[in-house]
Novice: 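Dumping the structure here so I can ask a few things about it.
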Number of protein chains: 2
Amino acid sequence: MLNERSQKVLCAIVQTYINNPEPVGSGFITKRYSFNLSPATVRNIMADLEEQGFLSQPHTSAGRIPTDMGYRLFVNSLHSEIEYQPDNRSNLYKMVNELESIKDDINILLEETTKRLSGFSHYLSVAVSPSTRISTFNRIEFLRHRGSQVVAVLLTDEGLIKNKVLDVGSELSQRHLNRISEYLNSEFHGYSLIEIRAKILREMAREKDLCDTLISRAIRICKDALFFPYDDLFISGFAEVLGLPDLSDVEKIKEISKAIEDKHHMLQILEKISDTDGVKVIIGAENSIMQMKGFSLVAASYKEGDRPIGCVGMIGPTRMDYSRAIAVVNTTARFLTRIVTDRK
Amino acid sequence: MLNERSQKVLCAIVQTYINNPEPVGSGFITKRYSFNLSPATVRNIMADLEEQGFLSQPHTSAGRIPTDMGYRLFVNSLHSEIEYQPDNRSNLYKMVNELESIKDDINILLEETTKRLSGFSHYLSVAVSPSTRISTFNRIEFLRHRGSQVVAVLLTDEGLIKNKVLDVGSELSQRHLNRISEYLNSEFHGYSLIEIRAKILREMAREKDLCDTLISRAIRICKDALFFPYDDLFISGFAEVLGLPDLSDVEKIKEISKAIEDKHHMLQILEKISDTDGVKVIIGAENSIMQMKGFSLVAASYKEGDRPIGCVGMIGPTRMDYSRAIAVVNTTARFLTRIVTDRK
DNA sequence: ATTAGCACTCTCAATGCGAGAGTGCTAATA
DNA sequence: TATTAGCACTCTCGCATTGAGAGTGCTAAT
């Protein structure tokens, strides 16, 4: 579909544009790269590439800029040859070292990770805590709060700690609550939360109009206590990206700020990535769910053992430095995987 | 210092400028307001006001715009006559109703409050959770986590629920942990966290090299478990404020986004307000701690009974609608006070 | 298939111009 | 003495014009 020479020229154009956000002309390519082609030839190639949808022209007499399709080809050709560049490494190395010391609490770890990531990449960075739905129930405890309120504290094998205030209708003694939690802990240990939820619903349907036994009460309380509609989302670096030349336009700024304020939507995107393996790159409006025209997402899941449980990533303009971003995200995800897996 | 007529003209100018962000000319004032003055007279007054620092001129042949001092005078003259306008009320009323149903968890309540507040005010809204330092210890529980890690769950009388992962050095049995928490709960119930912290430090100094008794161990664990460097800060409405004409400049956007990303600094400002009573207005760079030139903060503390414990507020351009903002913030703070106080 | 040559197109920055808005000042007025 | 009418002045803003520069597409030659 695209001969090797065309592809090389395309990549040269994309790389040039990434280095400097100005339309790339045929002259620049011939001067900078030693393809041994004349500007005229490059012009012909560029015209072809434009016709095929890889490049576009701001106006008739300007150079070319890559389209999303152009970036895509560039990124694909990159994917195979990515190794950690030494200069990234030194920064990352420092970061990883700093993070080692706060690995006890997964959420704090993720928050600090995004902060540092955005700090030295100058892109927006994001992370989601391990998905509650697929997390493994470790135990739950109930603490009397006030009146008929109870605080449920849920611990999962992945290191998540979630609490929730419940109203249980009537005042229960702490002893009573302990009996309930003991029952739940023995019953549910080792199951995933989503399994437990299914179990509970089945159970409830069965003993619908059962009298107020310990078990039925436990089940009812538990149904609420284990339900967390959203995972935690960490975003950092908004002030950073404002410095990028790609965001000199107020409209663009509005777009991205809307995207990150809609946590629900962002979580949807990231959750999908949390399920897959390896680094994933979404360019511009490529993925219909990601309506951030003009921005790209580079993300990777982190795993507990072999099971992906959450993800970390970076958002930048489509014109972002993909090779660096991919390397950084990949390394960070591996780091998180190690932390989460080791502490079992 | 400023005669009544000048002050009236100043307020008219400020109000006009708030309604429409364009320099106000003498002609407009005479037409719109029935001061029975000629444009020339108003011009003289305006020249005086400028000399005294209440107004400024973008350029020689333009109208005047208020300085921070101008806004200040305007706000002060407003303060006395603020009542809840009926149109605010209907919006607020709806909001308050919606919030009633989620009052169980103070943090969720504050988060939802800021979301709604920014949604209908189109300004940035902020809130801080009850200050941990002055919160009243209710009880603490420890849950075994993994290895030598323990999860401490702290409940305060104000309804705060905080948890923290601690490494206690060696594995302790749950029974052992329960003994420790029992001891702490009986010892510290009813004290404020800051008092407890002082107590602990004294205690530690005294039995510095005591052997590993239950008490000394409890004390040591507790020192970490009760220490929370930052209160929770909720901010919402960034996408909203981008719509304001005052933020059409990228520099301005950078400024405010930097301000809200520096949570530490923001907390410092809000904590001061949490200690005072009534609605407080900080205009522009008035307060040296608030280096957000061009933005104002309208905030009020919410209380448990008579004791201020946290605060809620709105941030907008200095050109914001103070009268509405003050009314809204005031009402919201009262609402939060009611919720927090009632549920004792 | 590639390339040199050239006319063409489009942007961008600089310039000038006129309309409009609002001022400051002066002299007249109540 | 305080206010006001009148007027020249200043500054911005939008618009059109212009020339330089960059890069293209096309054609004809290699």
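Convention: sequence-line order gives letters A, B, ...; per-chain numbering from 1. Below, each value reflects all heavy atoms present in this structure, side chains not excepted, and no hydrogens, waters or symmetry copies.
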Novice: Of the candidate nucleotides D:dT4, D:dT12, D:dT10, which contains the atom at the shortest distance from the side chain of B:Thr60?
Specialist: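 Comparing D:dT4, D:dT12, D:dT10 against the side chain of B:Thr60, the answer is D:dT10.
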Novice: For the residue pair A:Ser236 and A:Ser118, confirm or rule out a side-chain donor-acceptor distance under 3.5 Å.
Specialist: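 Present: a donor and an acceptor within the cut-off.
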Novice: To the nearest Å, how far apart are A:Arg43 CZ and C:dC6 C1'?
Specialist: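 Distance check: A:Arg43 CZ to C:dC6 C1' gives 11 Å.
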Novice: For A:Leu55 and D:dT24, what is the distance between atoms CG and C1' respectively, to the nearest whole Å?
Specialist: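 After rounding, the gap between these two atoms is 14 Å.
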Novice: Name all stems that contain residues of DNA chain D, defined as runs of 3 or more consecutive Watson-Crick or G-U wobble pairs, both distances under 3.5 Å.
Specialist: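 Ordered by first number, the stems with DNA chain D (at least 3 consecutive pairs each) read C:1-30 with D:1-30.
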Novice: Where the side chain of B:Thr67 meets the backbone of B:Gly53, is there a donor-acceptor pair that is under 3.5 Å apart?
Specialist: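 At least one qualifying donor-acceptor pair exists.
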Novice: Report yes if at least one side-chain N or O of A:Thr41 is closer than 4.0 Å to OP1 or OP2 of C:dT3; otherwise report no.
Specialist: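 For C:dT3, OP1 or OP2 has a side-chain N or O of A:Thr41 closer than 4.0 Å.
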Novice: Got a second to check how far B:Met314's CE is from B:Ser121's OG, nearest 0.5 Å?
Specialist: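 The CE atom of B:Met314 sits 4.0 Å away from the OG atom of B:Ser121.
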Novice: Given atom CD of B:Glu51 and atom C1' of C:dG24, what is their separation to the nearest angstrom?
Specialist: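 Spelled out: CD on B:Glu51 to C1' on C:dG24 is 13 Å.
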Novice: Does a side-chain N or O from A:Arg5 land closer than 4.0 Å to OP1 or OP2 of C:dA1, or not?
Specialist: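 For C:dA1, neither OP1 nor OP2 has a side-chain N or O of A:Arg5 closer than 4.0 Å.
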Novice: DNA chain D: A:Ala40 or B:Leu37, which has the more 5' nearest nucleotide?
Specialist: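 Nearest-nucleotide comparison on DNA chain D picks B:Leu37.
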Novice: Could you give the CG-to-P distance, from A:Asn44 to C:dA1, as a whole number of Å?
Specialist: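 So the CG-P distance, A:Asn44 to C:dA1, works out to 11 Å.
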Novice: Indicate whether OP1 or OP2 belonging to D:dT3 is found under 4.0 Å from a side-chain N or O atom of B:Ser38.
Specialist: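 Looking at the OP1 and OP2 atoms of D:dT3, neither is under 4.0 Å from any side-chain N or O of B:Ser38.
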Novice: Just how far, in rounded Å, is P of C:dG22 from CD of B:Gln57?
Specialist: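 Atom-to-atom, B:Gln57 to C:dG22, this comes out as 12 Å.
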Novice: Can you find an N or O donor on one side and an acceptor on the other, under 3.5 Å apart, linking the side chain of B:Ser61 with the base of D:dC11?
Specialist: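 Answer yes: a donor N or O sits under 3.5 Å from an acceptor.
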Novice: Rounded to the nearest Å, what distance is computed from the CG atom of residue B:Leu49 to the C1' atom of nucleotide C:dT23?
Specialist: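 Spelled out: CG on B:Leu49 to C1' on C:dT23 is 15 Å.
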Novice: Only one of A:Ile13, A:Ile29, A:Val9 forms a side-chain contact (heavy atoms from CB on, under 4.5 Å) with A:Ile45, so which one is it?
Specialist: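 Of the listed residues A:Ile13, A:Ile29, A:Val9, the side-chain contact (heavy atoms from CB on, under 4.5 Å) partner of A:Ile45 is A:Val9.
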Novice: Among C:dT11, D:dT4, C:dG24, find the nucleotide with the atom closest to the side chain of A:His59.
Specialist: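 When the side chain of A:His59 is considered, C:dT11 is the closest of C:dT11, D:dT4, C:dG24.
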Novice: For DNA chain D, which residues of residues 25-35 of chain A approach it to below 4.0 angstrom with any heavy atom?
Specialist: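 Output list: A:Gly25, A:Ser26.
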Novice: Counting distance only, does the side-chain N/O of B:Ser301 pair as donor-acceptor with the main-chain N or O of B:Thr276 below 3.5 Å?
Specialist: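 Pair found, side chain donor or acceptor close to backbone of B:Thr276.
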Novice: Which nucleotide wins on minimum distance to the side chain of A:Met46, given the candidates D:dT24, C:dA4, D:dC11?
Specialist: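 Nearest to the side-chain atoms of A:Met46, counting from C-beta on, is D:dT24.
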Novice: Closer than 3.5 angstrom, by distance alone: can the side chain of A:Glu240 be matched with the main-chain N or O of A:Leu124 as a donor-acceptor pair?
Specialist: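 Answer holds: no.
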Novice: Please examine the side chains of A:Phe120 and A:Val328, heavy atoms only from C-beta on, and report whether any two atoms are closer than 4.5 Å.
Specialist: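 The answer is yes; the side chains approach within 4.5 Å.
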Novice: C:dT23 C1' sits how many Å from B:Ile13 CD1, rounded?
Specialist: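 To the nearest whole Å, that distance equals 13 Å.
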Novice: Rounded to whole angstroms, how far apart are CG on B:Asn36 and P on D:dT3?
Specialist: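 So the CG-P distance, B:Asn36 to D:dT3, works out to 12 Å.
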Novice: Could you check if a side-chain atom of A:Phe238 sits within less than 4.5 angstrom of a side-chain atom of A:Ile256, using non-hydrogen atoms only?
Specialist: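 A:Phe238 vs A:Ile256: side chains touch.
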Novice: Starting at OG1 of A:Thr318, measure out to CZ of A:Phe295 and round the result to the nearest 0.5 Å.
Specialist: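 Those atoms lie 8.0 Å apart.
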Novice: Does the side chain of B:Leu244 reach to within under 4.5 Å of the side chain of B:Pro317, using non-hydrogen atoms?
Specialist: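 Yes. Closest side-chain heavy atoms under 4.5 Å.
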Novice: Using OP1 and OP2 only, check whether a side-chain N or O of A:Arg64 sits under 4.0 Å from D:dA22.
Specialist: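 For A:Arg64, the contact criterion (side-chain N or O under 4.0 Å from OP1 or OP2 of D:dA22) is not met.
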